[in-house]
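Data first, discussion second: the structure below is written as structure tokens.
It should be emphasised that the depicted structure is a prediction, and the values quoted were computed from it without experimental measurement.
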Amino acid sequence: MDVAPAPNGAGSGTAPLLGPLDGARILVVRFSGLGDVVLTLPAIHALRRAFPRAHIAWLVADSCRTVPEMCPDVDAVLPLRLTSSTDRAATVVR
């Protein structure tokens, strides 16, 4: 496996290099906060540029689903219905 120096100097001083991620799946998790969701869009675009063939899905609060649904770099949106930020009984909306 190819390795590169760890940027923070942690561990043994090496970290694995990412390959092309051909056929890989990437899950972005940004549950809520419309502003946070909007501010995540440049990261999504950077992921798409770096890994053009990867499947990118976004797990997001149901109330914020419109933003990722309009993003051409996202292949799938997984809306999550949250009743509160501390609710552990959240369900994926189908």
Side-chain angles (χ1 to χ4, degrees):
M1 175 181 355
D2 293 331
V3 293
N8 63 1
S12 65
T14 60
L17 293 175
L18 287 177
L21 291 183
D22 291 338
R25 294 173 170 249
I26 298 171
L27 177 63
V28 176
V29 179
R30 176 54 71 185
F31 290 122
S32 61
L34 184 58
D36 290 340
V37 170
V38 170
L39 290 173
T40 304
L41 290 172
I44 301 296
H45 183 67
L47 281 171
R48 176 58 67 207
R49 279 193 336 252
F51 309 109
R53 290 194 257 173
H55 178 87
I56 299 176
W58 194 336
L59 182 64
V60 66
D62 187 43
S63 61
C64 299
R65 74 188 295 172
T66 306
V67 173
E69 286 175 342
M70 294 187 317
C71 180
D73 296 317
V74 175
D75 297 309
V77 176
L78 306 170
L80 186 67
R81 183 170 294 131
L82 298 171
T83 55
S84 77
S85 61
T86 57
D87 185 13
R88 296 196 177 177
T91 57
V92 174
V93 179
R94 298 272 180 212

Can you check side-chain contact (heavy atoms from CB on, under 4.5 Å) on V28 and L47, steps first, answer last? CA-CA 10 Å; V28 176; L47 281 171; 4.1 Å; yes
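The CG atom of D36 sits 4.5 Å away from atom CZ of R30, with the distance rounded to the nearest 0.5 Å. Once rounded to the nearest 0.5 Å, the distance linking NE2 of H45 with CD1 of I56 reads 10.5 Å.
In the hydrophobic clustering of ILVMFWY residues, with side-chain heavy atoms under 4.5 Å counting as a link, L39 and I26 come out apart. Linking Ile, Leu, Val, Met, Phe, Trp and Tyr whenever their side-chain heavy atoms come within less than 4.5 Å puts L80 and L27 in one cluster.
Nearest heavy atom pair, residue V74 against residue P68, reads CB-O, 3.8 Å. Between G33 and C64 the shortest heavy-atom distance is N-SG, 4.0 Å.
In terms of modelled atom types and a separation under 3.5 Å, the side chain of R65 and the main chain of P79 share no donor-acceptor contact.
The closest side-chain heavy-atom distance from R48 to D75 is below 4.5 Å.
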